[in-house]
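The block underneath contains the structure these notes are about, expressed in structure tokens.
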Protein chains: 2
Amino acid sequence: MNPAPTNPTGPTGPAAGAAPAAQAGSSPTFSPLYQQIKALITQGLQSGEWKPGELIPSEVELAGRFKVSQGTVRKAIDELAAENLVMRRQGKGTFVSTHHEARAHFRFLRLVPDEGVPHQPDNLIIEVKRMRAPAEVARLLELKSGDAVVYIRRLMSFDGSPTILEELWLPGQLFKGLTAERLVEYKGPMYGLFESEFGTRMIRASEKIRAVGADAGAAQLLGVPDGTPLLCAERVSFTYGDKAVELRRGLYLTANHHYQNDLS
Amino acid sequence: MNPAPTNPTGPTGPAAGAAPAAQAGSSPTFSPLYQQIKALITQGLQSGEWKPGELIPSEVELAGRFKVSQGTVRKAIDELAAENLVMRRQGKGTFVSTHHEARAHFRFLRLVPDEGVPHQPDNLIIEVKRMRAPAEVARLLELKSGDAVVYIRRLMSFDGSPTILEELWLPGQLFKGLTAERLVEYKGPMYGLFESEFGTRMIRASEKIRAVGADAGAAQLLGVPDGTPLLCAERVSFTYGDKAVELRRGLYLTANHHYQNDLS
DNA sequence: GAGTGGTCTAGACCACTAA
DNA sequence: TAGTGGTCTAGACCACTCA
């Protein structure tokens with residue numbers, strides 16, 4: 001971890017006086033101290049200094065390390081908590097967020113049953129292979145066309161009813177040892193596997209949703225007639241630094257489920 | 001506006017000393033001071049003391065009025081800003097949010113073109129009538145079955161292409177003078193009209209999204225074959241106090257548009 | 001220049017957790 | 001009892017807006 005935030009407008013550490021040398025003049029690239037602290041903490045998360053599920057240093061310790069007040073560290077951590085990168089627990093400390101939590105399971109999967117409570121679906125891996133990225137996939141993953149990708153196709157069922165048919169493309173570089181066996185063995189959400197076994201943590205995603213008609217293959221797997229209307233959700237997931245690390249295309253059967261979205 | 005926050009644990013105003021009588025003991029219903037301030041400000045918004053687009057009192061003035069420190073008022077307003085109830089502008093003040101803003105136009109309408117920038121659609125009002133609420137509508141709007149509702153049906157087009165077919169149900173009580181003429185005359189988003197003419201401001205919404213096939217009526221209006229897959233978005237909108245004030249069912253043609261959703 | 005929100009500090013006490 | 005995050009205060013200076 002870096003020793004202290006760099007401040008474009010003057011010497012780094014104030015450490016005394018009413019107001020620090022945090023802002024001054026009209027320097028071209030200025031950011032508040034707490035944003036710099038936030039960036040430094042994010043670096044610690046990204047570099048693996050603090051791993052998912054672990055405790056990060058206390059506010060007091062970070063304040064000492066960075067030579068700023070506790071309030072400034074607090075504001076930095078507040079934002080990280082708002083972005084779900086860390087979780088605060090009173091009396092215990094601040095923990096790095098992980099996908100191995102009940103509350104994380106439905107952060108990205110927004111398909112919920114029309115009645116009853118959501119629960120984890122059964123998972124049938126249909127296909128896993130390595131291939132060269134098609135142009136469209138390469139573009140969305142910010143790879144070069146022809147770079148290696150891992151392709152996964154799977155069918156998810158709720159209470160025995162096939163409901164989600166999903167295709168994934170992952171950068172081959174980041175997921176070298178990913179095999180069908182590993183996927184089948186692993187229980188729980190796929191993002192937990194990615195995090196634990198491949199050190200890649202998804203922190204944000206962007207989805208584009210359309211309605212499409214089921215083609216013959218999808219219709220058969222989902223057990224519906226050809227042309228049945230399906231939700232098509234195309235998701236690009238990002239890790240630290242807005243780096244795209246997953247493309248996912250899901251076909252959702254919305255006969256007994258719906259995509260839940262709360263706008264505010 | 002109420003004079004000061006009530007504090008279950010002791011006298012209201014500290015006004016001096018290091019720590020106020022904000023918390024103490026183990027009283028049953030306790031909430032932090034800043035939450036109480038937030039509730040009081042929200043009351044001012046709800047009661048119409050400060051109307052959409054208007055300036056609310058400065059942090060310093062509110063702090064004096066409520067007998068708390070500026071930092072406490074700041075934290076309350078921070079949360080209101082995060083919930084889009086108010087907007088802060090450095091050097092000017094804090095304003096009540098309004099739907100009469102460019103940035104507000106696409107907060108609830110998430111259908112965007114596959115290429116190019118979003119813009120306001122053309123609007124064709126098909127039908128406006130008053131009716132008794134069907135059971136399902138009454139349930140979602142938290143009305144009694146048979147209560148009066150305003151029913152609206154309209155078609156929205158982008159660049160001349162019919163894309164959204166929408167039905168709305170509004171509580172008759174709140175929208176007494178709403179006629180087709182008013183709707184046709186009014187330019188801009190419907191929520192702006194509701195806010196300005198009927199004093200009802202939407203602040204939050206919950207959507208359930210499904211894929212459906214176009215029925216004969218929808219297919220004709222949208223200019224597509226029967227059975228064409230469409231996105232069906234059922235939205236319940238809420239005003240202050242989580243009171244449901246609108247049910248909207250939209251059918252979206254997703255040939256050249258998609259529903260954009262960012263997960264974080 | 002006055003007033004506003006934005007940042008930062010320093011220090012206090014509280015609620016919660018775990019040893 | 002010690003350590004953590006959560007709340008609250010008081011006061012300072014900064015950036016921005018407008019008269």
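In this text the structure is predicted, and so the values were computed from the model without any measurement. Letters go in sequence order (proteins before strands), and every chain restarts at 1.
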Neighbours of DNA chain C within residues 70-85 of chain B, by heavy-atom distance under 4.0 Å: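 Correct list: B/Arg74.
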Nucleic acid contacts - residues 87-95 of chain B versus DNA chain C, non-hydrogen atoms under 4.0 Å: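 Those residues are B/Arg88, B/Arg89, B/Gln90, B/Gly91, B/Lys92, B/Gly93, B/Thr94.
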Cation-pi, A/Phe95 ring and A/Arg89 (6.0 angstrom, 45 degrees):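 Relative to the ring axis of A/Phe95, which defines the angle, A/Arg89 lies inside both limits.
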Distance in angstrom units between A/Ile37 CD1 and C/dG6 P, rounded: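 Computing the A/Ile37:CD1 to C/dG6:P distance gives 20 Å.
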Closest nucleotide among D/dC8, C/dT9, C/dT4 to the B/Ser58 side chain: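 Out of D/dC8, C/dT9, C/dT4, the nucleotide with an atom closest to B/Ser58's side chain is C/dT4.
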Per-pair distances, 0.1 Å, donor-acceptor, side chain in residues 182-190 of chain B, under 3.5 Å, sequence neighbours excluded:
from, atom 1, to, atom 2, distance (Å)
B/Arg182, NH2, B/Glu197, OE1, 2.8
B/Tyr186, OH, B/His100, ND1, 3.4
B/Tyr186, OH, B/Leu193, N, 3.4

B/Ser69 side-chain N/O to D/dC8 phosphate OP1/OP2 under 4.0 Å: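 False: B/Ser69 side-chain N/O out of range (4.0 Å or more) of D/dC8 OP1/OP2.
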Single hit among A/Arg110, A/Arg235, A/Arg248 for salt bridge (Lys or Arg N to Asp or Glu O under 4.0 Å) with A/Glu207: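 The salt bridge (Lys or Arg N to Asp or Glu O under 4.0 Å) with A/Glu207 is passed solely by A/Arg235 among A/Arg110, A/Arg235, A/Arg248.
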Aromatic plane relationship, A/His257 with A/Phe158 - under 30° parallel, 30 to 60° tilted, over 60° perpendicular: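 Because their plane-to-plane angle lies in the 30° to 60° range, the rings of A/Phe158 and A/His257 count as tilted.
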Whether B/His99 and B/Tyr191 hold their rings parallel, tilted or perpendicular, with breakpoints at 30° and 60°: tilted
Heavy atoms from other residues, nucleotides or ligands near CD of B/Gln173 exceed 12 (cutoff 6.0 Å): no
Exam field: side chain B/Glu79 to backbone B/Ala76, donor-acceptor pair closer than 3.5 Å: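 It does not hold such a pair.
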